Structure formats: structure tokens, C-alpha cells
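The structure under discussion appears below in the form of C-alpha cells.
All values below come from the heavy atoms of this structure, side chains included, with hydrogens, waters and symmetry mates left out. Keep in mind that what you see is a predicted model, and the values were worked out from it rather than measured.
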Amino acid sequence: DELEKCSTRFSEDPSTIDEFNAMEKAFQEIILAKKLPLEIYNAVSKSYETLCDRYNIKDMPVAVRSSGVAEDSPTASFAGQYESYLNVIGKEEVLQSLLECWASMYTARGISYRLKQGMPILDAGGMSVAVMKMVNSRASGVAFTLLPSKQDTSKMFMEGNYGVGESVVQGIVNPDQF
């Protein structure tokens with residue numbers, strides 16, 4: 001409700017970077033000022049403690065990974081649009097990173113991309129956030145279950161590089177392609 005009310009302060013068809021940045025700031029401030037609902041706070045806390053106990057590590061380093069529900073559709077790909085956090089240590093940091101993942105649905109870039117796709121500014125389709133044990137990978141990347149350029153489901157396409165895959169997702173490197 002607060003996001004809807006806040007959105008009335010802005011044009012329905014923003015066109016300048018200043019407009020997008022103002023929307024990002026306003027929407028993210030609303031989200032980041034909120035406390036997690038107790039049910040979510042307790043579930044994430046308990047699960048993180050269980051993970052730490054399983055490996056007998058007091059504060060297990062984890063990845064807090066965003067995944068937009070509408071992330072990969074036939075007409076749009078939100079890969080790299082939302083934030084993920086690596087090497088997050090401690091329950092409170094995990095909980096804060098969860099909020100920051102949700103807030104990242106409303107970056108200037110994300111809002112602009114949704115508008116270009118003909119989607120509403122506030123309806124990002126939802127977001128799942130996975131919290132998983134951090135893996136010190138030698139190499140990693142992204143796999144597509146089809147050849148994206150031709151929508152060919154008889155082929156897979158992968159991009160990868162040394163280290164964690166975040167540099168591939170964010171377009172920081174020229175990855176190897178398979």
C-alpha cells in the first residue's frame with residue numbers, strides 16, 4: 001500500500017535518469033525501513049542456525065541469492081537485474097541481505113527495464129530469495145536450458161569463468177561460452 005501511495009508522486013512514464021533514481025530512492029527507503037514479519041524472521045533465523053549447526057560453524061558464510069519469479073520468460077530476462085550477496089556471515093546480516101534483495105526489485109535499472117517490457121512499475125512479478133552455503137568455486141557461470149538466440153530447446157548454452165559466477169551474471173567479464 002505504501003509503495004502504491006508513493007508511486008502517485010511520480011510520472012507513469014518516467015523518461016530521465018533523475019526520475020528513475022528518485023523512484024528507486026523512494027521505493028527502496030520504504031522497503032528498507034520495514035521490519036521483517038516475525039514469521040519470516042523466525043523461519044530464516046532458525047534455518048540459518050540449522051545450517052550452521054550442520055557444518056559445526058558458528059557463522060556459516062552464505063550466498064543470499066535473488067530470483068525474480070518472472071526472471072526468465074520468452075519475452076524478458078531479468079538475470080542480473082536484482083541484487084545477490086555473497087559471503088554473508090551472521091544471522092542479522094542474512095536478514096538484512098534478504099531485505100536488500102527485495103528492495104533491489106526497485107532499482108532505477110529494474111524499473112526502466114520493466115517499463116520497456118510493458119510491465120507495470122510496481123508489479124515485478126515477485127521475488128524468491130535463496131540462502132545457501134557459500135561455495136568457494138574454482139569456476140562457475142550460467143546455464144540456459146535452451147539456445148537463447150534461437151529458442152532452440154534441443155541445445156543448452158553455458159557461459160562461465162574462473163571464480164564465482166556473479167561476474168558473468170553482471171556482465172563484468174567476457175565469459176567462456178559452451
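- Residues Ser128 and Arg65 are not in side-chain contact: their nearest non-hydrogen atoms beyond the backbone lie 4.5 Å or more apart.
- Atom OG in Ser11 sits 8.5 Å away from atom CZ in Phe20 (nearest 0.5 Å).
- Nearest approach of Pro14 to Ile121, heavy atoms of both residues: CD-CD1, 4.3 Å.
- Here the side chain of Thr8 pairs a donor or acceptor atom with the backbone of Lys5 at under 3.5 angstrom.
- No donor-acceptor pair under 3.5 Å is formed between the side chain of Gln117 and the backbone N or O of Tyr113.
- For the residue pair Asp152/Ser154, the side-chain donor-acceptor check at 3.5 Å is satisfied.
- Met60 and Met134 are members of different hydrophobic clusters when ILVMFWY side chains are connected at heavy-atom separations under 4.5 Å.
- No continuous path of ILVMFWY side-chain contacts below 4.5 Å connects Leu86 to Met127, so the two sit in separate hydrophobic clusters.
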Between Tyr82 and Cys101, is the side-chain contact (heavy atoms from CB on, under 4.5 Å) condition met? List the steps. CA-CA 7 Å; Tyr82 306 139; Cys101 280; over 6 Å; no

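- Counting only heavy atoms from C-beta outward, the side chains of Met158 and Val142 never approach each other to under 4.5 Å.
- By the 4.5 Å heavy-atom criterion applied to side chains, Met156 and Leu146 are not counted as neighbours.
- Here OG1 of Thr153 is found 10.0 Å from CG of Leu147. Values are rounded to the nearest 0.5 Å.
- Two residues are said to be in side-chain contact when any heavy atoms from C-beta on lie closer than 4.5 Å; Cys6 and Ile30 meet this criterion.
- Residues Val135 and Val64 do not share a hydrophobic cluster, clusters being chains of Ile/Leu/Val/Met/Phe/Trp/Tyr side chains in contact below 4.5 Å.
- Panel note: side chain Ser140, backbone Gly163; a donor-acceptor pair is recorded below 3.5 Å.
- Separation of atoms CG (Leu36) and CG (Leu99) is listed at 4.5 Å; rounding is to 0.5 Å.
- Counting only residues at least two apart or in different chains, ring-ring contact (aromatic ring centres under 6.0 Å, His included) contacts with residues 23-67 comprise Phe10-Phe27, Phe27-Tyr106.
- In this structure, Arg114 contributes its side chain and Met105 its backbone to a donor-acceptor pair below 3.5 Å.
- Residues Arg54 and Leu51 form a side-chain contact, since some pair of their non-hydrogen atoms from C-beta on lies under 4.5 Å apart.
- Val173 is not connected to Val164 by any chain of hydrophobic side-chain contacts under 4.5 Å among Ile, Leu, Val, Met, Phe, Trp and Tyr, and they are in different clusters.
- Smallest separation of non-hydrogen atoms from Met132 and Ala130: CE-CB, 3.7 Å.
- Side chain of Glu24 to main chain of Ala108: a donor-acceptor pair is present (N/O by atom type, distance under 3.5 Å, no hydrogens or angles).
- Residues Ile89 and Val44 fall into different hydrophobic clusters, defined by Ile, Leu, Val, Met, Phe, Trp and Tyr side chains chained together at heavy-atom separations under 4.5 Å.
- Residues Asp176 and Asn161 fail the side-chain proximity criterion, which asks for heavy atoms closer than 4.5 Å.
- Among residues at least two apart or in separate chains, side-chain hydrogen bond (donor to acceptor under 3.5 Å, both in side chains) pairs with a member in residues 27-39 are Glu2-Lys34, Lys25-Glu29.
- Side-chain contact between Glu100 and Leu32 is present, with at least one heavy-atom pair separated by less than 4.5 Å.
- Expressed to the nearest 0.5 Å, how far NZ of Lys133 lies from CD1 of Ile57 amounts to 6.5 Å.
- Counted within 6.0 Å of CD on Glu12, heavy atoms from surrounding residues, nucleotides or ligands total 12 or fewer; the atom is thus considered open.
- Contact annotation: the side chain of Leu98 never approaches that of Val131 to less than 4.5 Å [non-hydrogen atoms, C-beta and beyond].
- In terms of modelled atom types and a separation under 3.5 Å, the side chain of Glu19 and the main chain of Thr16 share a donor-acceptor contact.
- Closest approach of Val168 and Pro175 over heavy atoms only: CG2-CB, 4.1 Å.
- No side-chain donor-acceptor contact under 3.5 Å links Ser45 to the backbone of Asn42.
- Between Lys58 and Cys52, the closest heavy-atom pair is O-SG, 3.5 Å.
- Although no hydrogens or angles enter the test, the distance criterion places a donor-acceptor pair under 3.5 Å between the side chain of Ser47 and the main chain of Ala43.
- A donor-acceptor pair is defined here as one N or O able to donate and one able to accept, closer than 3.5 Å; such a pair exists between the side chain of Ser84 and the backbone of Ser66.
- For the atom pair NZ of Lys155 and OG1 of Thr145, the computed distance is 14.0 Å after rounding to the nearest 0.5 Å.
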